[in-house]
S.K.: 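The structure that follows is given in the form of structure tokens.
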Amino acid sequence: MKITRRAFTAVVAGAIATPLMQVRLAGATDKVVRIGYQKYGTLVLLKGKGLLEKKLKSIDYTVEWTEFPGGPQLLEALNAGAVDFGSTGETPPIFAQAANAPLVYIAHEPPAPRGEAILVPKDSPIKSVADLKGKKVAFNKGSNVHYLLVRALEEAGLTYEDVEPSFLAPADGRAAFEKGAVDAWVIWDPFQAAAEVAIEARELRNGEGIVPNHQFYLGTTSLVDGHAQAIDVLIDAISEIDEWTKSDTAAAAAELSPSVGIPEPVLVKALERQSYGIKSLDDAVVAQQQSIADTFFKLKLIPKKVTIADAVRKGKA
């Protein structure tokens, strides 16, 4: 199913500043890199530090930033031509590639399987993934946790059809989880850590041993084909932020806390489960991503087979 510009506008209407909705929908022709980011992660820290603006200025580029509630929405914007670059988990780019989005995998972070989990209320009678049979489970459709749920059910001897999906973005998922409208919530950090600390949500299963939980940096084909120097500068800036975050998690948490509205101790918990060290995709990572794509096609969650290698940037990250 092709995601149209009209569909994209409907999804993000009211969530994105109007001026950014009007920029170059056909693709940037001047020296501007338009970055989509989510409320948490390396790109938020990069934006807050102002490091990228300084680096891009040296090659006469500027940057524009747009926030999105999740990876699927970010990649809808990329498909519509409203952003050039962004970061998501494993699953959103597969859905986007199946929808013929002009995306390219540029780089990735190492696995962080503990940074996503299936949560249940602290007093829930559910003690194992097998107990989810017939239960209502909330998660963001097309996100990295979508695959975590599929694999966890498979490990427990269940199928995707054995649960009742409730497709909710993180804020709505948390609300439904707290009021008992769903039996379980599959979510990623920092929302995962926030629920564990604030309402003592209990972890039923994280990604260890069943999913890698990579973060991917993705760009449009027009960005990759026409702005290689800007990409190199961008990757270099992300690498610097990675090193700083890894070496001083407390400082990174303090930097993030005001923008995400989550207490610093919660963010420290989340950041310690994150991985660091941006690099290009090797054959093993491509194969892992291909396995996810094949699984979703088998489950009829995407309309056609996709070949991940066809969308990977060649050469260095």
Side-chain angles (χ1 to χ4, degrees), residues 1-12 15-16 36-38 41 43 66 68-109 116 137-154 160-161 163 165-170 172-173 186-188 207 210-221 223-224 281 285-313:
M1 179 179 69
K2 175 69 175 177
I3 301 173
T4 65
R5 293 182 186 178
R6 179 175 294 179
F8 157 67
T9 304
V11 170
V12 300
I16 303 174
Y37 67 99
Q38 299 178 54
L43 292 181
T66 306
F68 293 89
Q73 295 89 341
L74 192 160
L75 290 188
E76 285 173 5
L78 184 144
N79 189 26
V83 296
D84 307 307
F85 181 91
S87 176
T88 77
E90 297 153 328
T91 304
I94 290 171
F95 278 78
Q97 192 177 355
N100 301 314
L103 67 83
V104 179
Y105 290 85
I106 295 173
H108 75 98
E109 303 280 2
E116 58 179 358
V137 182
F139 57 94
N140 196 34
K141 183 179 182 181
S143 68
N144 56 335
V145 296
H146 198 152
Y147 185 61
L148 169 61
L149 177 63
V150 170
R151 290 286 290 113
L153 291 171
E154 181 183 88
Y160 185 63
E161 288 72 28
V163 299
S166 181
F167 300 135
L168 297 171
D172 294 330
V186 199
I187 191 60
W188 60 88
I210 52 174
V211 298
N213 190 31
H214 285 112
Q215 284 292 309
F216 289 104
Y217 295 99
L218 305 134
T220 59
T221 53
L223 177 71
V224 172
L281 280 68
V285 173
V286 172
Q288 288 173 335
Q289 192 70 349
Q290 186 65 54
S291 178
I292 299 173
D294 292 344
T295 297
F296 279 165
F297 178 71
K298 183 179 179 181
L299 292 171
K300 299 182 180 179
L301 294 172
I302 56 175
K304 67 177 185 179
K305 282 194 170 188
V306 298
T307 302
I308 301 301
D310 289 348
V312 175
R313 187 191 188 203

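All heavy atoms count here, side chains included; hydrogens, waters and symmetry mates do not. Since the structure is predicted, the reported quantities are computational estimates derived from the model, not experimental observations.
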S.K.: Rounded to the nearest 0.5 Å, what separation is found between the CG atom of L75 and the OG1 atom of T88?
M.R.: 5.0 Å

S.K.: Within this structure, what is the CG-OG1 distance for the pair D84 and T66, rounded to the nearest 0.5 Å?
M.R.: 10.0 Å

S.K.: Would you say that N79 contacts P102 through its side chain, given a criterion of any heavy-atom pair below 4.5 Å between the two side chains?
M.R.: yes

S.K.: Starting at CD1 of I106, measure out to CG of L223 and round the result to the nearest 0.5 Å.
M.R.: 5.5 Å

S.K.: What's the separation between atom CD1 in I187 and atom CZ in F139, rounded to the nearest 0.5 Å?
M.R.: 11.5 Å

S.K.: Under the salt bridge (charged side-chain N to carboxylate O under 4.0 Å, His left out) definition, can you give me all pairs with a residue in residues 138-154, not counting sequence neighbours?
M.R.: R151-E154

S.K.: Nearest 0.5 Å please: distance from the CG atom of N213 over to the CG atom of L148.
M.R.: 8.0 Å

S.K.: Looking at residues at least two apart in the chain, or sitting in another chain, which of them share a side-chain hydrogen bond (donor to acceptor under 3.5 Å, both in side chains) with E90?
M.R.: none

S.K.: Kindly assign one of parallel, tilted or perpendicular to the pair F167 and H146, based on the angle between their ring planes and the thresholds 30° and 60°.
M.R.: tilted

S.K.: Any donor and acceptor pair, going by atom type alone, linking the side chain of T295 with main-chain N or O of S291 inside 3.5 Å?
M.R.: yes

S.K.: So F296 and V306, do their side chains get closer than 4.5 Å, heavy atoms only?
M.R.: no

S.K.: In Å, rounded to the nearest 0.5 Å, how long is the span from CD1 of I94 to OH of Y147?
M.R.: 8.5 Å

S.K.: What is the minimum heavy-atom distance between F68 and G36, and which atoms define it?
M.R.: CE1-CA, 3.8 Å

S.K.: Tell me, please, which residues at least two apart from D294 pass side-chain hydrogen bond (donor to acceptor under 3.5 Å, both in side chains).
M.R.: Q290

S.K.: Return the minimal non-hydrogen interatomic distance between P69 and Q38, and the atom names on each side.
M.R.: O-OE1, 4.5 Å

S.K.: State which residues pass ring-ring contact (aromatic ring centres under 6.0 Å, His included) with Y105; sequence neighbours excluded, sorted by chain then number.
M.R.: F216

S.K.: Compare every heavy atom of R313 with every heavy atom of V224, then report the nearest pair and how far apart it is.
M.R.: CG1-CG, 4.1 Å

S.K.: Measure across N144 and T91 and return the closest heavy-atom pair with its distance rounded to 0.1 Å.
M.R.: CA-OG1, 3.6 Å

S.K.: For A293 and I308, which heavy atoms make the closest approach, and how far apart are they?
M.R.: CB-CD1, 4.2 Å

S.K.: Do any N or O atoms from the side chain of E116 and from the backbone of V186 form a donor-acceptor pair under 3.5 angstrom?
M.R.: no

S.K.: Would you say NZ of K304 has more than 12 non-hydrogen atoms from neighbouring residues, nucleotides or ligands within 6.0 angstrom?
M.R.: yes

S.K.: Check for a donor-acceptor pair, side chain of Q97 on one end and backbone N or O of L103 on the other, with a separation under 3.5 Å.
M.R.: no

S.K.: Could you report the tightest heavy-atom contact between S143 and P72, atom names first, then the distance?
M.R.: N-CG, 4.2 Å

S.K.: Which residues pass the side-chain contact (heavy atoms from CB on, under 4.5 Å) test with Q288, sequence neighbours left out?
M.R.: P212, H214, V285

S.K.: Tell me, please, which residues at least two apart from F297 pass ring-ring contact (aromatic ring centres under 6.0 Å, His included).
M.R.: none

S.K.: Mind checking whether S87 and E109 have side chains closer than 4.5 Å, heavy atoms only?
M.R.: no

